[in-house]
Number of protein chains: 2
Amino acid sequence: MSSPGSRTTVIALLADRGYRLTAPRRQILDVLLASGTPLSAAGIHRRLENRRINLASVYRTIWVLLGLEALRATDAIGGEKRFELADPLGAHHHHLICQDCGRIEDLEGCPLEERVLRAVNRRVRRSRRFRIVEHELRLIGACADCDGAGRRTRARRRP
Amino acid sequence: MSSPGSRTTVIALLADRGYRLTAPRRQILDVLLASGTPLSAAGIHRRLENRRINLASVYRTIWVLLGLEALRATDAIGGEKRFELADPLGAHHHHLICQDCGRIEDLEGCPLEERVLRAVNRRVRRSRRFRIVEHELRLIGACADCDGAGRRTRARRRP
DNA sequence: CCGTAAGCTGCAAAGCGTTTGCAGTATGAG
DNA sequence: CTCATACTGCAAACGCTTTGCAGCTTACGG
């Protein structure tokens, strides 16, 4: 038994839906598995063993994995898109985003209590007829590297 | 006395920092004031009275306003950037984002309790040496238009 | 094993939102 | 009213993402 983001599950899913397990896909999957943080398409590409794999293939694989719901897209600061393997069913986590260097760290667990979530859900359902499917909490600030010692020189990202 | 996002304050801020109050800037400000929801650069441009104002000027004005901290950038779904005038000092709000049409609605108030926020702050400060400056809660789902009646045909946005 | 259909890949070019260089225009201080 | 200079429109440059195409690979059946 394995969870949505595990290697075997994703590979099984591919086969199951008629997708082929090709060398680029396997390597991209391995990069995602090895990374503890969401990666951009370029970030994935940079980490690939085989540097001859084309960036276009990275994008195409991202699309396939998103379609399988094995991958989750996260909006980094300034509209950059990053991707990480999906959490096990039912679980989810949030992100600490450094506004200086853009680095994203995972925050294990969700600080929003069930009680509060249900209340908000009910409220917007009634007042706006908006149905909440998921939520995302972004904690924005300065990471260990960028904080201390009088603010690094690294440029703050543009919007 | 007026708050950060008010017309007079922004105009005063411009003068104060040596910026000129030009026709394009005034119109862009009025579009932002009139809109109840964050707008993209193209969205602002589309709503301008004078359609001869160049999109590049919209971008340049956005930069100026961001610099004055009179404008706030929001990441819409899929990396699109949208902008809205800043909240009064100290206040903040969150967003309901429709994953179908991309529309963003404001959620008045913040469901995260002080108690909880302080706890998370302390926790990541200690365990990761991450200093949280602000937080952003994104409630993602289906808006009134896109929900009911067997899901509209509008394409779900790409990542 | 080997042959084959169709899914994939690399490459290069096209798309799209955003930024920048430039020459001319308009603002606001004196 | 005059003038220095901040600002604007335009067009070209940019950087990331997507797409068309011809050839390569995978998975499946024999």
Side-chain angles (χ1 to χ4, degrees), chain A residues 10-31 38-46 48-68 71 73-83 102 155-159, chain B residues 10-29 31 38-68 71 73-83 102 155-159:
Chain A
V10 178
I11 291 178
L13 256 176
L14 282 169
D16 213 58
R17 306 269 202 103
Y19 291 109
R20 291 183 179 170
L21 180 58
T22 62
R25 285 183 184 160
R26 206 170 346 171
Q27 283 189 42
I28 290 168
L29 190 52
D30 285 339
V31 166
L39 297 174
S40 63
I44 295 171
H45 187 238
R46 209 175 311 122
L48 288 172
E49 282 283 318
N50 180 355
R51 307 303 320 283
R52 308 168 44 100
I53 292 174
N54 197 277
L55 183 53
S57 299
V58 174
Y59 280 106
R60 285 188 277 229
T61 298
I62 285 173
W63 277 108
V64 170
L65 295 179
L66 285 172
L68 298 176
L71 198 65
T74 304
D75 295 321
I77 273 197
E80 202 191 350
K81 296 158 226 162
R82 303 205 185 185
F83 308 89
R156 180 174 177 146
R157 306 224 156 195
R158 313 196 107 199
Chain B
V10 178
I11 291 179
L13 256 176
L14 282 169
D16 214 59
R17 305 268 203 105
Y19 290 109
R20 290 180 180 170
L21 180 58
T22 63
R25 284 185 185 158
R26 207 173 344 181
Q27 284 189 42
I28 290 167
L29 190 50
V31 166
L39 297 175
S40 63
I44 295 172
H45 187 238
R46 209 175 311 122
R47 281 159 226 239
L48 289 171
E49 282 284 318
N50 180 354
R51 307 304 321 281
R52 308 168 45 99
I53 293 174
N54 198 277
L55 183 53
S57 299
V58 174
Y59 280 107
R60 284 187 279 229
T61 298
I62 286 173
W63 277 108
V64 169
L65 295 179
L66 285 172
L68 298 176
L71 198 66
T74 304
D75 295 322
I77 273 196
E80 202 190 350
K81 297 158 224 161
R82 302 206 185 183
F83 307 90
R156 182 173 175 148
R157 306 224 155 194
R158 314 195 106 201

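Order of the sequence lines sets the chain letters (A, B, ...), proteins ahead of strands, with each chain counted from 1. For clarity, every value in this text was computed on a predicted model and none was experimentally measured.
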Nearest-Å distance, CG (B:N50) to C1' (D:dG9)?
11 Å
B:L66 CG - C:dT19 C1' separation (whole Å):
14 Å
A:R46 has an atom CZ; how far is it from atom P of D:dC16, in whole Å?
10 Å
Whole Å only: how far is the CZ atom of A:R51 from the C1' atom of C:dG10?
15 Å
Quick one: the side chain of A:R60 and the base of C:dG10, do they pair up donor-acceptor inside 3.5 Å?
yes
For C:dT27 and B:T22 - does any side-chain N or O of the residue sit under 4.0 Å from the phosphate oxygens OP1/OP2?
no
Closest of C:dC8, D:dG9, D:dT19 to the B:P24 side chain is D:dG9
Do any side-chain nitrogens or oxygens of B:N54 fall under 4.0 Å of OP1 or OP2 in D:dT8?
no
CD of B:Q27 versus P of C:dT27: gap in Å, rounded?
12 Å
May I have the step-by-step check of side-chain contact (heavy atoms from CB on, under 4.5 Å) for B:L29 and B:I11, ending in yes or no?
CA-CA 9 Å; B:L29 190 50; B:I11 291 179; 4.0 Å; yes
With nearest nucleotide decided by heavy atoms, which residue, B:S40 or B:R20, maps closer to the 5′ end of DNA chain C?
B:S40
Take B:Y19 and B:L68, measure what side-chain contact (heavy atoms from CB on, under 4.5 Å) needs, and give me the verdict at the end.
CA-CA 10 Å; B:Y19 290 109; B:L68 298 176; 4.0 Å; yes
Using whole Å, what does the distance between atom C1' of nucleotide D:dC28 and atom CG of A:L21 come to?
15 Å
Atom-to-atom span, CG of A:L14 to C1' of D:dA27 - whole angstrom:
13 Å
Can you check whether A:R25 has a side-chain N or O nearer than 4.0 Å to OP1 or OP2 of C:dC8?
yes
So what does A:A56 touch, heavy atoms closer than 4.0 Å: a base, only the sugar-phosphate, or nothing?
base
Rounded distance [0.5 Å steps], OG1 in A:T22 versus CD in A:Q27
9.5 Å
So, does B:S57 get its side chain near the phosphate of D:dG9, meaning an N or O under 4.0 Å from OP1 or OP2?
yes
Rounded interatomic separation in angstrom, taking CG from B:L55 and P from D:dA13:
18 Å
Output for pair (A:I28 CD1, A:I62 CD1), nearest 0.5 Å, gives 7.0 Å
Which value, rounded to the nearest 0.5 Å, describes the distance between A:K81 atom NZ and A:T74 atom OG1?
12.5 Å
